[in-house]
Each structure stands twice: as C-alpha cells, then as structure tokens.
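If you read the sequence from its start, that first residue is 1, and numbering goes on from there. Order of listing sets the numbers, starting from 1, for every ligand and every atom in it.
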Amino acid sequence: MWKLKIVLPVLAALVIFLFAQVYLVRQVWMQKDEVFSLRYRSESKEAIEQMAVHDPYNGFKKAYWVIDDVSGLYLERSRNLANAPDSSIFAKNLRDSFTSILSEDQLLTEHLGKHFRKLGLESRIKSKIYVNYIDLIDVQEKINVFRASDEMLRKQSSQKSIPVYTFTSEGNNYKISFDYYIDVANKEAIMIKELSLTLIFSFISFVIIIVIFIGTLKNYMEEKRLSNLKTDFINNMTHELKTPLSTITVAAKTLRHKTVISSPEKIKDTSRMISKQSVQLNELINLILEISMWERTQFELDRKVTDMESVIREISDNFINGCGSKCRYTDNIDLKGVKAEIDLLYFTTMINNLLNNALKYSGKDPEVSLQAYPRNNYLVIKVKDNGVGISRSDQKNIFDKFYRVSTGNIHKAKGLGLGLYYVKKIAEEHGGFVDVSSKKGKGSVFIVNIPLNN
Ligand code: ADP
C-alpha cells in the first residue's frame with residue numbers, strides 16, 4: 001500500500017514532465033517552422049525583385065500569353081452564363097485551366113531554385129498557384145463579362161506551403177490575381193536536423209530525470225525496507241530477551257518459596273534452570289554484540305589447518321544429543337584425511353545454526369540429515385530437512401541481516417533473523433560460499449562450501 005502511495009505521485013510527476021517536454025518541443029518546432037518559412041519567403045522576394053529588373057513578367061510571359069489566348073474562348077462561353085446557377089462550375093473550370101497554365105508555362109520556379117542553390121539552401125522546390133480572382137473582359141465594350149471571385153473559388157491554401165508573392169496580370173480579355181507558393185523538399189528532415197540538438201537535449205534530460213526518479217525511489221524503498229526490518233528486529237529481540245528474563249524472575253521468586261527452600265533437590269533444579277536461561281541470554285547478547293562489531297571493525301578469523309572428519313563428527317554427535325527423541329537424524333560423513341583451514345569456533349557455530357534451523361523450521365516429525373564430503377577442492381556440507389521450505393522470492397533474501405520470512409504478525413519460530421546472515425558471512429570469510437535449494441512445503445537443503453587445504 002505504501003509503495004503505491006509513493007509510486008503514484010512519482011508516475012504523475014513523470015507524466016506531467018513528459019507533457020511539458022512535448023509541449024516545449026512543439027513550441028520550438030513551430031517557431032523553427034516560422035523562421036524557416038520567413039527565410040525562404042524573404043529570399044524568394046529578393047530573387048523576384050532582382051528578376052523583375054530584366055524580366056517584368058517574372059518568368060510568366062509565356063503563361064500570360066497562353067492565358068490571353070484561352071480567355072478569348074472562355075469569354076464567348078461566359079456571355080450566356082453570368083449569374084446562371086452553374087456559373088460556379090464554370091469558374092472552377094476556368095481556375096483549374098489557368099492554374100495549370102501558370103504552373104507549367106513559367107520560369108520563376110527554376111529561377112528561385114538556382115537562387116537558393118547559390119545561397120546553399122535546399123534548391124529542390126515545387127511551386128503552387130492559388131488563384132484569387134479572374135475577370136473576363138470585353139475590351140471593345142469595356143465591360144467585365146464574368147468574374148470568378150474569391151467566394152466562388154473557395155481558395156484552398158496549404159498550411160505546409162510557403163506563401164511567397166501575389167501577382168496580378170492583365171491581358172486583352174482577362175485580368176487575374178494569384179498567389180505564388182513554394183514547397184521545399186525535405187522540409188521536415190531539414191528542420192529535424194536543425195532541431196536535433198534541442199531534441200537530443202530534451203531526450204537526455206528526460207532520461208536523466210527518469211534515472212534520478214528511479215534511483216531515488218529505489219533508495220527510498222530500500223530505506224523503508226531496512227527500517228521495517230529494524231523495527232521487526234527490535235520487536236523480536238525484545239521478545240527473545242524477555243522470555244529467559246521472565247523465566248529467571250519466576251525462578252528467583254520460586255527460590256523464596258517455603259516448599260522449595262526446604263528441598264535441596266528443588267533448589268538444584270531451579271538453579272539449573274536459572275543458569276541455563278542465563279547462558280541462553282548471554283549467547284543472544286554476544287551474538288548481537290558480535291554482529292554489530294563486524295560493522296565497525298575489521299573482521300578477522302583465527303584459522304588453523306584442521307582435520308575435518310573429527311570436527312564434523314563432533315558437531316553431529318552433539319546435535320544428536322541435543323535433538324534427542326525430538327527428531328530423526330542421520331549423518332553421512334565421508335571425510336577421511338580431509339583438511340581445511342578453519343576457525344573452529346566460528347565454523348562450529350555456522351554448522352550449528354544450520355542444524356538448529358533445520359529443526360526449528362520443521363513440522364511435526366522432523367527429519368534432519370547432514371552430509372559432508374570433498375568435491376572439486378571444496379569441503380561440501382549439506383544440511384537437509386523436511387520442514388516448511390522457503391519460496392523462491394524469500395530465498396533471495398534469507399541471508400540478509402534481520403530478514404525473516406513473513407508469516408503474518410505472529411512468528412511461530414522465535415528468532416532474530418541473524419542466523420543465516422552469520423552463516424553466509426562466516427562461509428565467505430573462509431573463502432567459501434553458501435547455497436540453498438528449497439520448495440515451499442517440501443523442505444530445504446543448505447549447502448556450505450569451504451575451500452580445502454591441499
Ligand atoms: P531466524 O531463524 O532467527 O529467523 P535466520 O537468519 O536463521 O533467522 O533465518 C532467516 C529466515 O529463513 C527464517 O526466518 C526462516 O523463515 C527461514 N529459514 C531458515 N532456515 C530455514 C529452514 N531450514 N527451513 C525453512 N525456513 C528456514
């Protein structure tokens with residue numbers, strides 16, 4: 001739940017940031033587009049003005065001549081048409097015919113292309129003609145016979161094309177006004193190239209923000225996880241310390257009881273119980289102190305070359321004695337002449353931790369086995385049980401400090417989550433490693449590998 005509370009605002013912030021980036025890039029794109037059009041338009045205008053010095057028709061001479069010729073024919077047809085319902089169809093035909101003449105029989109586009117090439121601009125351009133109006137005129141009677149007007153033609157100017165110039169021309173039978181537009185080839189590609197730095201910068205900043213967000217989120221979650229682990233640890237530790245303490249308190253009270261004072265046997269029993277609980281308390285406190293020491297000081301083992309068969313045999317025998325009738329225990333120790341350089345105390349505690357866990361996390365009829373043999377220059381010790389098992393996701397964490405597999409709020413088995421952390425640390429300090437293989441409900445096998453002394 002708390003994860004969702006953190007992730008949602010972060011996701012919302014990322015989406016807002018992404019929208020802001022898209023908006024910014026769009027604005028920059030629109031500005032670039034305007035600047036691009038302005039540049040081509042002003043260069044075109046300059047070229048047109050230069051051309052006008054030696055060509056007053058701006059390259060449209062042939063087109064105007066053809067239009068004049070054709071408009072004579074249209075004039076005859078238009079005399080009966082003025083104001084007739086199909087006059088707008090006639091106007092559109094007139095426009096299409098004049099547009100294609102103006103597009104094809106002209107030299108302006110070629111001239112502009114050359115001009116752009118000289119300036120190092122894109123020279124592949126296409127022209128577009130948009131007619132504003134056409135008048136068909138009877139020169140002798142001095143009357144305007146037909147006007148193909150703006151409204152009739154419903155001019156469709158293109159958004160992508162760049163408006164360059166408005167031309168007007170008058171002949172014997174016509175008058176025309178039209179807009180001259182150009183389309184620059186690869187306009188988008190040119191603009192993307194020009195914008196590449198902005199786009200790259202925007203992309204990089206987005207990636208950086210995402211990385212920072214994810215990093216911060218991960219850190220926060222890790223902090224939260226550790227803080228939860230610590231809280232659990234403190235709760236467990238209080239519980240673990242309280243149990244022997246209250247036993248000792250009760251035992252102390254019992255000692256004052258009349259019936260106990262009079263019976264030396266009962267005094268002995270109670271005092272045995274007190275010392276057993278004190279030893280447990282002492283061991284617990286030592287474990288906590290020792291692990292906290294590892295954090296602050298350099299951890300050093302006192303290693304000696306040791307005959308492993310006798311060491312493991314002793315650990316195994318002690319475990320059988322402790323286990324008693326509570327479990328079925330078997331061992332298979334195949335270590336004749338095998339030697340390893342170990343710190344006896346730490347090594348023994350490490351294997352005992354695994355054996356005790358095997359018993360602690362077993363069901364009703366515990367079956368525990370210990371196997372030890374040499375393999376590939378390693379001493380392999382396998383501790384197997386038929387207990388509750390560990391899920392795959394928990395297997396990744398069980399060797400972490402304070403980690404305990406969650407079983408709701410109440411833990412059936414007591415513990416501080418330090419046993420396996422200890423096992424891993426000691427195995428690694430010996431130059432070895434630990435592995436686990438387990439299935440939920442099907443038992444577990446812990447495998448310790450310690451390098452051999454050859
Ligand atoms: P503790 O036993 O004090 O909780 P450990 O570090 O020894 O701490 O173990 C960490 C967790 O790993 C335990 O809480 C338990 O859930 C799981 N675990 C350890 N050994 C076994 C085992 N043999 N079978 C099942 N679960 C185990």
Give the contacting part of [X] toward ligand 1: side chain, backbone, both or neither, where contact means a heavy-atom distance below 4.0 Å.
X	answer
L416	backbone
F446	side chain
L354	neither
D394	neither

ask   = For G415, is at least one N or O under 3.5 Å away from an N or O on ligand 1?
value = no
query = Quick one: does Y361 get an N or O within less than 3.5 Å of an N or O on ligand 1?
reply = yes
query = Heavy atoms only: which of S362, S391, A358, G417 is nearest to atom 8 (O) of ligand 1?
reply = G417
key: Side chains of E49 and Y165, donor plus acceptor under 3.5 Å   = no
ask   = Do the side-chain N and O atoms of Y373 and N332 include a donor-acceptor pair separated by under 3.5 angstrom?
value = no
query = Any donor-acceptor pair under 3.5 Å linking the side chain of S246 with the backbone of K242?
reply = yes
request  = Say whether, by atom type as modelled, one donor and one acceptor occur between the side chain of R303 and the main chain of E341 under 3.5 angstrom.
outcome  = yes
inquiry  = Y40 and side chain to side chain contact (heavy atoms under 4.5 Å, CB included): which single residue from I162, D183, L112 fits?
reply    = I162
G387 near ligand 1 by a heavy-atom separation under 4.0 Å = no
query = At the 4.0 Å heavy-atom cut-off, does Y422 count as touching ligand 1?
reply = no
Test applied, salt bridge (charged side-chain N to carboxylate O under 4.0 Å, His left out); reference residue, D331; option that passes from R313, K382, K384 = R313
message = Using every non-hydrogen atom in the two residues, find where Y378 and G432 come nearest and quote the distance to one decimal.
response = CE2-CA, 4.4 Å
